[in-house]
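Naming convention: chains lettered A, B, ... in sequence-line order (proteins, then strands); numbering from 1 in each chain.
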There are 2 protein chains.
Amino acid sequence: MSSVRPKRSDVHHPEPDGQVVPKLCESCEARHRGVCGALPGDDLLRLSKISVRKTLKSGESVVCDEDDVISFSNVLNGVVKLSKLLPDGRQQIVGLQFAPDFLGRPFRAESHLTAEASGDVHLCSFPRAEFESMMRDNPELEHRILAQTLEQLDEARDWMMTLGRKTAREKIASYLLMIARHSAPQPPSGQGVAIDLPLSRGDMADFLGLTIETVSRQMTALRKAKVIEFDSARAVRIPSLRALERAAGE
Amino acid sequence: MSSVRPKRSDVHHPEPDGQVVPKLCESCEARHRGVCGALPGDDLLRLSKISVRKTLKSGESVVCDEDDVISFSNVLNGVVKLSKLLPDGRQQIVGLQFAPDFLGRPFRAESHLTAEASGDVHLCSFPRAEFESMMRDNPELEHRILAQTLEQLDEARDWMMTLGRKTAREKIASYLLMIARHSAPQPPSGQGVAIDLPLSRGDMADFLGLTIETVSRQMTALRKAKVIEFDSARAVRIPSLRALERAAGE
DNA sequence: CCGGATCGTTGACGCAGATCAACGTCGCTG
DNA sequence: CAGCGACGTTGATCTGCGTCAACGATCCGG
């Protein structure tokens, strides 16, 4: 892909429609499926100038409970866990953010959430104040944030059903199903789907309101029932999504 | 409150700032704390002309699972349960809407939620298409919807913690606390707070991921522990919010 | 190649909450 | 006021999942 275009391609270059796109954003998923798609070229340039790429190692946190949030981010790749902590140490993961999700809580300075990388994560991070001011200028940007927030609300409510009313086994199956749907755009191949599990058994437990031991036992039970197959502890094949859906109680 | 103003007050009358406010909306809470506050006089008039007040008796549903949603509403008073159903009949309530909450899911025609009145409910209802077109014209309206959606997402995530990690007793205490905070703006009075419980024991069970029997037992247990007092099954006094918070695990 | 750390699995046992069952209380209607 | 249905309480018993404990697998640095 070396350019046939002239110099200065280090900063930006024209899009087909004549828009200027910052180099940094060229191949960024957030520009297509994420919130940045709302931004016209000049706003994107403004934002890209104040944004910075960050790499988080597994377990590092973006935002901690009680922190004042001073920046927002887009998830470029990897998985970010959103979790809550009770005073006595019990933990619940309340959401997972995949690329190109937007990370942040507009209109509120401090968060009661912890956002932590599960596995290595790349972020595109920008100052909160600047982004909120762009939201005020740019209704389309706010519109995208709203659309994503509504999606997340739907997901959270699905998960409330899972947490409140499903058995341990159904919870595990529901989680596997969610990961499968997130990783495979669709499974046209005849022989089932192969997925990588982004969470440890401990994190799965915190996500599903279970213990590590129960997670492990139910994974084994699903394997024995031939609903899933193990390539390793973190890599699973699903012969039939139908069967998995049935196991998830849906 | 007979008017000192001239005729035509049946349709609308001027606000202090010269804005015209439809009669229907004059005393409506949604115009102050709810989404309609975003609308300038003429838009409010446009909306009021196509909106209609509805009264639902306890148990009647606004929207059913799989329905195509053709209207949105504001809750004027009462409580609306949002619930989900599993194919085998298990039910989970995933949210409660109080006045002046907005009811509806923009940008999606069909809902996987059932919205049902808990006790009698008054709604102000308007056609979906018209409202969405007003959202496009009016960024401030979309902004309010976003703000409310973010609040609901926060609440949903709090509830995920409750469902996933709290004991039956803590769940009940958390619910009572939520109702107390919703009904009493603040409790300056020395002798605790009195609250009415909008949900039956069965609905509390569906909200908390428990059974009726466990709800009943834990209510009794909290009473015996002097955390709450009963006036009747549906009317409770809370001598100390602190004690209730402790019982809720916070 | 070994020792430790981290992660996952498996087993034995106990308990919180589900299930099954009976009964009390209210409000409505005939 | 009798009879019925919806709602709530309480007791006895059962069970799914948590708890405690031991052990296997993998990876790492020395």
Between the two ends of the helix from C:dC1-D:dG30 to C:dG30-D:dC1, what is the bend in degrees, rounded to 10 degrees, where each end axis spans five pairs? 30°
Within the structure shown, what part of the strands sits under 4.0 Å from A:Ser200 by heavy-atom distance: base, sugar-phosphate, or nothing? sugar-phosphate
Between [N] ([atom2]) and [X] ([atom1]): distance, integer Å:
X: A:Asp203; N: C:dT6; atom1: CG; atom2: C1'; value: 13 Å
X: B:Arg90; N: C:dT19; atom1: CZ; atom2: C1'; value: 15 Å
X: A:Ile212; N: C:dT10; atom1: CD1; atom2: P; value: 15 Å

Going by salt bridge (Lys or Arg N to Asp or Glu O under 4.0 Å), name the residues that satisfy it together with [X], two or more places apart in sequence or in a different chain.
X: A:Arg246; answer: none
X: B:Glu245; answer: B:Arg181, B:Arg242
X: B:Asp158; answer: A:Lys84

Could you work out, with side-chain hydrogen bond (donor to acceptor under 3.5 Å, both in side chains) as the rule, every residue matching B:Lys166, not counting sequence neighbours? B:Ser174, B:Glu250
Apply side-chain contact (heavy atoms from CB on, under 4.5 Å) to B:Thr55 and list each qualifying residue two or more places apart in sequence or on a separate chain. B:His122
On the 0 to 90° scale, with breaks at 30° and 60°, tag the B:Trp159-B:Phe207 ring pair as parallel, tilted or perpendicular. parallel
Quick one: which protein N/O atoms are closer than 3.5 Å to N/O atoms of nucleotides 21-24 of chain C? Pair and distance per line, please.
none

Atom pairs and distances, donor-acceptor, side-chain atoms in residues 71-81 of chain A, under 3.5 Å, two or more places apart:
residue: A:Ser73; atom: OG; partner: A:Ser125; partner atom: OG; Å: 3.1
residue: A:Lys81; atom: NZ; partner: A:Asp203; partner atom: OD1; Å: 3.4
residue: A:Lys81; atom: NZ; partner: A:Asp203; partner atom: OD2; Å: 3.0

Under 3.5 Å, which donor-acceptor pairs do the side chains of residues 98-106 of chain B form with other protein atoms, sequence neighbours left out?
residue: B:Asp101; atom: OD2; partner: B:Phe98; partner atom: N; Å: 3.1
residue: B:Arg105; atom: NE; partner: A:Asp154; partner atom: OD2; Å: 3.1
residue: B:Arg105; atom: NH2; partner: A:Asp154; partner atom: OD2; Å: 2.9

Outermost nucleotides of DNA chain D that come under 4.0 Å of a non-hydrogen atom of chain B: D:dG8 to D:dA12
Between B:Asp120 (side chain) and B:Ser58 (backbone), is there a donor-acceptor pair under 3.5 Å? yes
Restricting to nitrogen or oxygen on both sides, can you table the protein-nucleotides 15-18 of chain C pairs closer than 3.5 Å?
residue: C:dG17; atom: OP1; partner: B:Ala168; partner atom: N; Å: 2.8
residue: C:dA18; atom: OP2; partner: B:Thr211; partner atom: OG1; Å: 3.1
residue: C:dA18; atom: OP2; partner: B:Thr214; partner atom: OG1; Å: 2.4

Once salt bridge (charged side-chain N to carboxylate O under 4.0 Å, His left out) is applied, what residue pairs with a partner in residues 217-229 of chain B remain, sequence neighbours excluded? B:Glu229-B:Arg237
Looking at B:Glu170 and A:Arg90, is there a salt bridge between them, counting it only when a charged N and a carboxylate O are closer than 4.0 Å? yes
If you apply the rule side-chain contact (heavy atoms from CB on, under 4.5 Å), what do you find for B:Asp206 with B:Ser83, and how did you get there? CA-CA 9 Å; B:Asp206 282 341; B:Ser83 63; over 6 Å; no
Walk me through whether B:Tyr175 and B:Val215 qualify under side-chain contact (heavy atoms from CB on, under 4.5 Å). CA-CA 11 Å; B:Tyr175 169 75; B:Val215 169; over 6 Å; no
